[in-house]
Number of protein chains: 2
Amino acid sequence: MDTTQRTDQQRSADRRRRELLEAADRVVLRDGPQASMNAIAAEAGITKPILYRHFGDKSGLYAALAQRHTDALLASLRAALDAPADRRERVEATLDTYLAAIEARPQVYRFLMHPAEGTQSSDQGFDVGQHSVPLLRRMGEELAQVIEERLDLGPGSQQLARVWGHGIVGMMHAAGDWWLGERPCSRAELVRSLADLLWGRLAAAGDRVGGPGF
Amino acid sequence: MDTTQRTDQQRSADRRRRELLEAADRVVLRDGPQASMNAIAAEAGITKPILYRHFGDKSGLYAALAQRHTDALLASLRAALDAPADRRERVEATLDTYLAAIEARPQVYRFLMHPAEGTQSSDQGFDVGQHSVPLLRRMGEELAQVIEERLDLGPGSQQLARVWGHGIVGMMHAAGDWWLGERPCSRAELVRSLADLLWGRLAAAGDRVGGPGF
DNA sequence: ACGTACATGTTACTAGCGGTAACCCGAGTC
DNA sequence: GACTCGGGTTACCGCTAGTAACATGTACGT
């Protein structure tokens with residue numbers, strides 16, 4: 001029948017798709033998030049329409065590309081979160097894993113945080129949501145789930161866990177972004193400072209004596 | 001001499017500039033962050049080259065546009081931060097101010113978080129930094145300053161304050177973005193949850209009894 | 001052996017973008 | 001009147017995302 005044939009074709013198509021993704025990866029790594037479809041096609045040794053046949057449009061390609069890296073990053077984060085250690089150590093390990101990842105491959109990081117460029121979505125107006133970076137959303141939800149199933153937060157725990165998940169991920173992201181740009185301290189110091197923040201040192205700190213304006 | 005003349009011209013130029021910015025504002029509010037220069041020029045009743053004479057290029061216009069809103073938002077945040085109340089109240093007021101702002105004018109918010117689109121900067125490669133949203137950086141630095149001059153953090157306080165400033169801003173931003181998209185709870189609840197997080201409830205929470213994998 | 005269906009690939013194009021060069025015109029000045 | 005000069009326009013360039021139409025190889029049924 002055509003079933004065997006179809007699987008064959010599908011396999012070949014999948015191989016091609018993976019090759020194209022790897023080419024795209026190389027180009028994005030070199031040219032940043034604004035890599036053009038032409039450039040990607042050239043890198044892959046073919047021409048544009050093929051890319052469009054495989055991925056629909058640019059955002060399709062970018063989504064596929066982003067998902068690979070996102071999956072990889074999420075896997076290593078999960079490993080750090082699930083390690084058998086006490087809470088503080090796990091939090092620090094997770095922060096460090098994330099920061100090490102963005103430090104090791106900043107171009108990938110840059111791309112992952114930016115894939116929502118010239119989408120020109122059909123609707124004009126009110127959606128407002130989902131413009132944000134999918135990676136952040138996924139990390140937030142993931143962390144929320146871990147928090148909720150590990151911690152005893154009393155009533156409303158699910159909602160609280162989700163707020164915290166997204167909040168902590170945002171904290172990590174913004175601090176990491178700033179740190180990557182300015183490099184004001186070592187990674188270990190950054191991790192420690194952020195963990196201290198989460199551990200309530202902000203609330204525990206004393207007022208400055210003789211502060212500005214008495 | 002020409003000094004009076006120059007001021008006259010400058011005044012007129014500034015007026016035009018403000019008019020153009022208001023037109024751009026309207027278009028961005030309507031079309032989102034990918035509003036085209038053509039559209040903005042049309043809204044202002046003129047043609048493209050004038051925009052370019054005034055603002056250099058698109059990122060120049062967007063920067064000017066963003067600064068107005070950024071300044072306004074930062075002013076109200078400063079007010080909340082400087083209110084005469086205890087720390088927890090001030091933190092909650094600041095969070096609430098920010099969230100109320102993005103809730104009231106989501107399109108503006110969306111624009112402010114997105115202005116780094118098709119810049120096609122000359123350099124190819126390594127800068128990595130400064131791709132991030134200027135508003136977030138400014139808020140982070142501002143908050144860092146407040147923290148550092150108000151709190152007694154011991155040695156290394158300046159760096160710690162900066163990490164916390166950017167981290168807290170990122171937390172606020174990510175949580176706000178997620179909340180704006182899903183609206184899972186009221187603003188007040190969100191504020192309370194985030195403040196709880198900053199107050200160390202994460203560290204203080206007990207382990208879930210009979211948790212997964214002991 | 002022949003036609004046919006189909007995936008794979010190409011060339012050549014459209015529409016729209018950011019950005020610019022060249023020209024145009026009215027107002028003030030010597 | 002000639003002359004500059006600020007504000008404005010038309011017409012263009014090079015680039016992008018995306019597409020239509022055409023070419024080619026290859027397995028299949030009859």
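Letters A, B, ... mirror the listed sequences (proteins, then strands); counts begin at 1.
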task: Figure out the CD1/P separation between A/Ile50 and C/dG9, and round it to whole Å.
output: 4 Å

message: From the set D/dA20, C/dG9, D/dG8, return the single nucleotide nearest to any side-chain atom of A/Arg53.
response: C/dG9

query: Among side-chain atoms of A/Asn38 and A/Ser36, is any donor-acceptor pair under 3.5 angstrom?
result: no

Scan the side chains in residues 189-199 of chain A for donor-acceptor partners under 3.5 Å anywhere in the protein, sequence neighbours excluded, and list what turns up.
unit_1   : atom_1 : unit_2   : atom_2 : d
A/Glu189 : OE1    : A/Ser186 : N      : 3.1
A/Glu189 : OE1    : A/Ser186 : OG     : 3.3
A/Ser193 : OG     : A/Glu189 : O      : 2.9
A/Asp196 : OD1    : A/Arg88  : NH1    : 3.3
A/Asp196 : OD1    : A/Arg88  : NH2    : 2.9
A/Asp196 : OD2    : A/Arg201 : NH1    : 3.0

query: For the pair made of CZ in A/Arg16 and C1' in C/dA7, what is the distance, rounded to whole Å?
result: 11 Å

- request: Given ring-ring contact (aromatic ring centres under 6.0 Å, His included), test B/Tyr62 with B/Phe111 step by step and report yes or no.
  value: CA-CA 9 Å; B/Tyr62 274 40; B/Phe111 164 74; 5.2 Å; yes

task: Identify, between A/Pro49 and A/His54, the residue whose nearest nucleotide on DNA chain C lies closer to the 5' end.
output: A/His54

- prompt: To the nearest angstrom, how far is B/Asp14 atom CG from D/dG6 atom P?
  reply: 16 Å

- prompt: Please give, in whole Å, the distance from C/dT10 P to A/Leu51 CG?
  reply: 10 Å

query: With B/Ser157, which residues qualify under side chain to side chain donor-acceptor pair (under 3.5 Å), at least two apart?
result: B/Glu148

- prompt: Would you call the rings of B/Trp178 and A/His166 parallel, tilted or perpendicular if under 30° counts as parallel and over 60° as perpendicular?
  reply: parallel

field: Under 3.5 Å: donor-acceptor pair, side chain of A/Arg90, backbone of A/Ala85
entry: yes

- prompt: Expressed in angstrom and rounded to an integer, what is the separation of A/Leu20 atom CG from C/dG9 atom C1'?
  reply: 12 Å

query: Out of C/dG19, D/dA17, C/dG18, which nucleotide sits closest to the side chain of B/Asp57?
result: C/dG19

message: Expressed as a whole number of angstroms, how long is the span from B/Gln34:CD to D/dA17:C1'?
response: 14 Å

message: Distance check needed: C/dC17 P versus B/Ile40 CD1, whole Å only.
response: 11 Å

query: Bend across the helix from C/dA1-D/dT30 to C/dC30-D/dG1, to 10°, with axes taken over 5 pairs at each end?
result: 30°

- prompt: Taking CG from A/Asn38 and P from C/dA12, how many angstroms apart are they, rounded to a whole number?
  reply: 14 Å

task: Tell me whether the OP1 or OP2 atom of D/dG8 has a side-chain N or O from B/Thr47 closer than 4.0 Å.
output: no

message: Nearest to the side chain of A/Ile46, heavy atoms from C-beta on, is which of C/dT10, C/dC17, C/dG19?
response: C/dT10

- request: Please report the closest heavy-atom contact between B/Met113 and B/Val133, naming both atoms and the distance.
  value: O-CG2, 3.4 Å

query: Nearest of C/dT10, D/dG8, C/dG18 to any side-chain atom of B/Met37?
result: C/dG18

- request: Could you say whether B/Gly45 or B/Lys48 is positioned toward the 5' end of DNA chain D, judged by the nucleotide with the nearest heavy atom to each?
  value: B/Gly45

